[in-house]
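See below for the structure under consideration.
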Amino acid sequence: MLQQTTVPHALPYFEKFMALWPTVRDLAAAPDERVMAEWAGLGYYSRARNLLKCARVVVSEHGGVFPADEVALLMLPSFGPYTAAAVMSFAFGKAANVVDGNIERIMSRLYAVKTPMPAAKPVLRELAGRWVRDDRARDWPQALMDLASAVCRPKSPLCMLCPLREACAGFAEGNPDIYPLKTARAPKPVRYGVAFLIVSEDSFIVERRPDKGLLGGMLGLPHLDWRDEVWSEDEIVTPLSPSPDASHHPLPQGEGRWVSVGTYDHVFTHFALKQQVWQLELSAQEVSAFLRQHNQYQLLPWADKKALPTVFGKALRLV
DNA sequence: CAACCGTGGAT
DNA sequence: TATCCAAGGTT
């Protein structure tokens, strides 16, 4: 959960997961949809799919016990260099080269590394490796990470409080905050979409998204493709009324009952989305008929709206 | 190796 | 509003 996610954001999810599935065996036995629903809002949903895969591999191939071996850990889904080293250190108390963003930042400043990220990563890993020690194998990486978080901060580092100040080449240079150096990144493109909120009584229509790619395995609202140009009203109205394209965007024929309810913004890692929302209220009978024709859709009670990723939860807030 | 993959808080 | 960034991994 902590991979690229802040502790305050992850903490309530961690508590809930541990209450629902206290052991790796419990998690391995959980239904996929339930795990994905509990992960909703945390982002990077491949982590949830891989976490579940991992639990099942640990049960089927390791007797339900995580191996205390870094190479074996690395073979598990969702385990990369950081997580394998972190588990070796924090869980098993064995010395390991734990290198996260915090420790990368400390090393880049301590040695004033001129190579920009991400090319500097192997360099920073090697530098961090020089500090690995066998005693207090749990405390040492934790201490470095906490030092980075509290003192050697990304912005406005508190160098006057830092125990490494006299050894720090970045401090000696006068501007340790410029490290780690990074290359300019391309601006985020803006894309445009149209989502459809089809409501009946206490529920609305959702679909299970494909297992791979963006929001893979999550529930979502039916929507038109996210593309580089704005959707015109003509283009939107077409799939809402009888047309040859109706099979591609199978939506209920609203007969003028579709209502535009507004637009919202959402920012993903590599693009920003401006999404229109259209709403249609159907009778229970209409919904039943529609769902019979199109089995890719299902009804989700309003009470379960938290199972949606945020990008679609925002559409509900709009209403 | 670069691109992909969410979200929300801080500044 | 714009930018940065967080206990990275997978493809």
Side-chain angles (χ1 to χ4, degrees), chain A residues 1-14 36 39-54 73-91 96-106 108 115-122 124-125 128 138 140-150 152-157 177-191 209-220 226 264-275 306 308-314 317:
Chain A
M1 286 177 179
L2 290 172
Q3 290 168 354
Q4 291 288 287
T5 300
T6 58
V7 172
H9 192 192
L11 199 49
Y13 288 84
F14 175 75
M36 299 311 289
W39 198 276
L42 200 48
Y44 284 148
Y45 297 99
S46 67
R47 293 181 300 175
R49 285 178 271 129
N50 290 332
L51 174 68
L52 191 48
K53 279 186 201 167
C54 179
L73 289 173
L74 267 173
M75 297 178 63
L76 295 171
S78 79
F79 274 78
Y82 164 74
T83 306
V87 168
M88 286 305 294
S89 170
F90 301 141
N97 191 14
V98 182
V99 185
D100 74 327
N102 287 301
I103 294 181
E104 284 181 341
R105 186 170 60 256
I106 288 195
S108 70
T115 309
M117 299 291 277
K121 281 179 171 287
L124 299 174
R125 173 173 306 283
R138 281 193 178 86
W140 188 249
Q142 186 68 60
L144 279 179
M145 291 164 71
D146 287 346
L147 178 69
S149 172
C152 195
R153 307 182 298 192
K155 296 171 184 174
S156 309
D177 54 301
I178 67 172
Y179 300 104
L181 270 36
K182 42 199 171 290
T183 52
R185 64 169 82 171
K188 276 183 189 180
V190 179
R191 306 183 73 181
R209 299 175 63 85
D211 230 17
K212 298 185 175 182
L214 189 67
L215 307 168
M218 298 298 290
L219 293 177
W226 299 339
Y264 64 91
D265 296 328
H266 187 77
V267 181
F268 292 105
T269 302
H270 53 295
F271 69 93
L273 175 67
K274 287 185 179 298
Q275 184 137 267
K306 289 179 66 175
L308 289 175
T310 303
V311 63
F312 292 116
K314 284 182 178 178
R317 296 182 213 167

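Note on naming: letters A, B, ... go to the chains in the order of the sequence lines (proteins, then strands), and numbering restarts at 1 for each one. Just so it is clear, the structure is predicted and the values come from calculations on it, not from any experiment. All values below were derived from every heavy atom in this structure, side-chain atoms included, with hydrogens, water molecules and symmetry-related copies excluded.
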**OP:** Determine whether the side chains of A:R47 and A:N50 contain a donor N or O and an acceptor N or O closer than 3.5 Å.
**Re:** no
Original post:
Between the side chains of A:S78 and A:R49, does any donor sit under 3.5 Å from an acceptor?
Top reply: no
Can you identify which nucleotide, out of [options], has its nearest atom closest to the [X] side chain?
X	options	answer
A:H9	C:dC4, B:dG8, C:dG9	B:dG8
A:Y44	C:dG9, B:dC5, B:dT7	B:dC5
A:Q3	B:dG6, C:dG9, C:dC4	C:dG9
A:P309	C:dC4, C:dG9, B:dT7	B:dT7

Subject >> Main-chain N/O of A:D146 paired to A:S149 side chain as donor or acceptor, under 3.5 Å >> reply: no
Original post:
Under 3.5 Å, is there a donor-acceptor pair between the side chain of A:R191 and the main chain of A:W226?
Top reply: yes
Which part of the nucleic acid, if any, lies within contact of [X], taking any heavy atom under 4.0 Å across all strands shown: a base, the sugar-phosphate backbone alone, or nothing?
X	value
A:P8	nothing
A:E104	nothing
A:L42	base
A:G216	nothing
A:P77	sugar-phosphate
A:V7	nothing
A:S149	nothing

Original post:
For the residue pair A:F268 and A:H266, does the interplanar ring angle fall in the parallel (under 30°), tilted (30 to 60°) or perpendicular (over 60°) class?
Top reply: perpendicular
Taking atom [atom2] of [N] as reference, at what distance in whole Å does atom [atom1] of [X] sit?
X	N	atom1	atom2	value
A:Y179	C:dC4	OH	P	19 Å
A:L214	C:dT11	CG	P	15 Å
A:R47	C:dT11	CZ	P	15 Å
A:R209	B:dG6	CZ	P	9 Å
A:Y264	B:dG6	OH	P	14 Å
A:M1	B:dG6	CE	P	16 Å
A:M145	C:dA6	CE	P	11 Å
A:M117	B:dC1	CE	P	13 Å

Report yes if at least one side-chain N or O of [X] is closer than 4.0 Å to OP1 or OP2 of [N]; otherwise report no.
X	N	answer
A:H266	B:dT7	yes
A:Y45	B:dT7	yes
A:R105	C:dA6	yes
A:T310	B:dG6	no
A:Q4	C:dG8	yes
A:H270	B:dC5	yes
A:K182	C:dC5	yes

Original post:
In terms of the nearest nucleotide of DNA chain B, which residue is placed more toward the 5' end: A:R153 or A:L215?
Top reply: A:L215
Original post:
Could a donor-acceptor pair under 3.5 angstrom be found where the side chain of A:T5 meets the base of B:dG8?
Top reply: no
Original post:
Can you find an N or O donor on one side and an acceptor on the other, under 3.5 Å apart, linking the side chain of A:S78 with the base of C:dG9?
Top reply: no
Subject >> Nearest-Å distance once atom P is located in both B:dG8 and C:dG9 >> reply: 22 Å
**OP:** State, with a plain yes or no, whether a side-chain heavy atom of A:V311 is found less than 4.5 Å away from one of A:L215.
**Re:** yes
Subject >> Any side-chain heavy-atom pair of A:F271 and A:L214 under 4.5 Å >> reply: yes
Subject >> Closest-nucleotide ordering on DNA chain C, the 5'-leading residue of A:F90 and A:D265 >> reply: A:D265
